Each structure stands twice: as C-alpha cells, then as structure tokens.
Peer 1: 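Sending over a structure as structure tokens; questions will come in a sec.
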Amino acid sequence: MTTTLRIDDLDREILNTLMNDARTPYAEMAKRFNVSPATVHVRVEKMRAANIITGTEVVINPKLLGYDVCCFIGINLNAARDYHSALTKLNELEEVVEAYYTTGAYNIFVKLMCKSIEELQYVLIDKLQAIDEVQSTETLISLQNPINRNVKP
C-alpha cells in the first residue's frame with residue numbers, strides 16, 4: 001500500500017519555486033518564505049523521499065538544435081500481446097521522445113522529434129512502420145506548443 005505524503009502551503013511554494021527554476025538556492029527560498037534554509041532543505045528531502053520530487057533536469061530548446069518537426073503518432077498493434085516487444089523496439093528509436101500506452105483508438109501514442117519532414121518520412125517508413133508488431137499508424141504534425149507546463153502542486 002502506498003502512502004501519499006500530504007503537502008502544505010510551504011511545500012507547494014517550494015515546489016512552485018523549484019519548478020520555475022530548479023537552481024534557486026535554499027537560502028533564497030528561506031528568505032522569501034520566512035523560514036530557515038534548514039527547513040527548506042528538510043522539506044525538499046521529505047518530498048524527494050516520498051517521490052514527489054523525482055529528480056532535476058535540463059530543459060533544452062529542440063528548435064535551436066535543429067529539430068523543426070514535432071509530431072504525434074497513434075500506433076495500432078497487431079495484437080495486445082505485442083505491446084512489450086513493440087515498446088522495446090520503439091525505445092530504440094532515438095526520434096521517439098515520449099510514449100504512452102493508451103485506451104481508445106490507438107494502443108500506443110508516441111511523440112517524435114525530427115529535423116525535417118524528409119527525416120520524418122524516413123523514420124515512418126524505414127523505422128516505425130518496419131516494426132513487425134505495428135499494424136498501422138496515424139501521424140499528427142504539431143504546428144506549435146502554446147501550453148507546456150507541469151501539474152500544479
């Protein structure tokens with residue numbers, strides 16, 4: 001049985017601050033929230049131990065690295081039992097940056113990042129649709145990403 005850690009307003013403020021800038025010093029947060037730096041440290045460690053905070057990451061701008069095409073692909077598998085082997089093969093494709101096991105029209109929904117439409121075509125034909133477990137796909141090209149945020153703590 002999993003116990004859910006109850007967080008209070010201070011925890012939420014700390015989370016919001018770290019989500020905005022994970023490099024914010026504990027001393028700066030302590031001043032802002034009128035508590036000691038040790039209190040901030042203890043709260044952060046408590047949330048790490050409870051897996052509310054699971055790590056920190058560097059967020060890159062894919063466009064500045066030449067990735068101009070973002071798309072989502074709905075994948076239908078030949079059979080439900082093909083899920084694990086298909087997922088293993090999808091994980092080997094560096095263009096796949098996210099994958100979801102879904103209900104509804106598709107078995108798997110993936111997000112791909114490619115440098116060009118030509119590269120996307122190559123990935124679709126020679127990599128993704130070449131996976132034996134894949135029965136069919138539907139591709140949706142993203143024109144922009146106007147909302148991109150984490151859940152509110």
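Being a predicted model, the structure only gives us computed values, none of them experimental.
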Peer 1: From the options Val42, Ile53, Leu18, select the one residue that forms a side chain to side chain contact (heavy atoms under 4.5 Å, CB included) with Met47.
Peer 2: Ile53
Peer 1: Would the number of heavy atoms belonging to other residues, nucleotides or ligands and lying under 6.0 Å from CD of Gln121 be above 12?
Peer 2: no
Peer 1: Check whether any side-chain heavy atom of Ile117 lies under 4.5 Å from a side-chain heavy atom of Ile141, and answer yes or no.
Peer 2: yes
Peer 1: Carefully, step by step, assess Cys71 and Leu140 under the rule side-chain contact (heavy atoms from CB on, under 4.5 Å).
Peer 2: CA-CA 5 Å; Cys71 69; Leu140 306 160; over 6 Å; no
Peer 1: Report yes or no: is the cationic atom of Lys111 (NZ for Lys, CZ for Arg) closer than 6.0 Å to the six-membered ring centre of Phe72, at no more than 45° off its axis?
Peer 2: no
Peer 1: Taking atom CG as the centre, does Leu65 end up with more than 12 heavy-atom neighbours from other residues, nucleotides or ligands that are less than 6.0 angstrom away?
Peer 2: yes
Peer 1: Determine whether Tyr100 and Val110 satisfy the following criterion, side-chain contact (heavy atoms from CB on, under 4.5 Å), listing intermediate values before the conclusion.
Peer 2: CA-CA 6 Å; Tyr100 300 89; Val110 296; over 6 Å; no
Peer 1: Does any part of the side chain of Pro153, heavy atoms only, come nearer than 4.5 Å to the side chain of Asn16, both counted from C-beta?
Peer 2: yes
Peer 1: Tell me whether the count of non-hydrogen atoms from other residues, nucleotides or ligands lying under 6.0 Å of NZ in Lys31 goes above 12.
Peer 2: no
Peer 1: Begin from the C-alpha positions of Ile131 and Gln129 and carry the test side-chain contact (heavy atoms from CB on, under 4.5 Å) through to its verdict.
Peer 2: CA-CA 5 Å; Ile131 295 173; Gln129 292 171 347; over 6 Å; no
Peer 1: Answer yes or no: does atom CZ of Phe109 have more than 12 heavy-atom neighbours from other residues, nucleotides or ligands under 6.0 Å?
Peer 2: yes
Peer 1: Does any non-hydrogen side-chain atom of Asp8 lie less than 4.5 Å from one of Arg43?
Peer 2: yes
Peer 1: Please say whether more than 12 non-hydrogen atoms of neighbouring residues, nucleotides or ligands are located less than 6.0 Å from CG in Asn61.
Peer 2: yes
Peer 1: Between Arg6 and Asp11, does any side-chain N to carboxylate O distance fall below 4.0 Å?
Peer 2: no
Peer 1: Atom OG of Ser36 and atom CE of Met29: how far apart are they, to the nearest 0.5 Å?
Peer 2: 12.0 Å
Peer 1: Show your working on side-chain contact (heavy atoms from CB on, under 4.5 Å) between Met113 and Glu95 and close with a plain yes or no.
Peer 2: CA-CA 5 Å; Met113 296 296 296; Glu95 297 86 0; over 6 Å; no
Peer 1: Are the side chain of Thr39 and the backbone of Val35 linked by a donor-acceptor contact shorter than 3.5 Å?
Peer 2: no
Peer 1: Does the distance from a Lys or Arg side-chain N to an Asp or Glu carboxylate O, for Lys89 and Asp82, drop under 4.0 Å?
Peer 2: no
Peer 1: Going only through I, L, V, M, F, W and Y residues with side-chain contacts under 4.5 Å, is there a path from Val97 to Leu143?
Peer 2: no
Peer 1: Might you point out which heavy atoms bring Ile7 and Arg12 nearest each other, and give the distance in Å?
Peer 2: O-NH1, 3.3 Å
Peer 1: Keeping Glu119 on the side-chain end and Lys115 on the backbone end, is there a donor-acceptor pair under 3.5 Å?
Peer 2: yes
Peer 1: Is there a path of hydrophobic side-chain contacts, each under 4.5 Å between heavy atoms of I/L/V/M/F/W/Y residues, joining Val69 to Leu93?
Peer 2: yes
Peer 1: Under a 4.5 Å cut-off applied to non-hydrogen side-chain atoms, are Thr137 and Tyr106 in contact?
Peer 2: no
Peer 1: Could you check Ile75, Asn76, Val96, Ile73 and say which one makes a side chain to side chain contact (heavy atoms under 4.5 Å, CB included) with Ile108?
Peer 2: Ile75
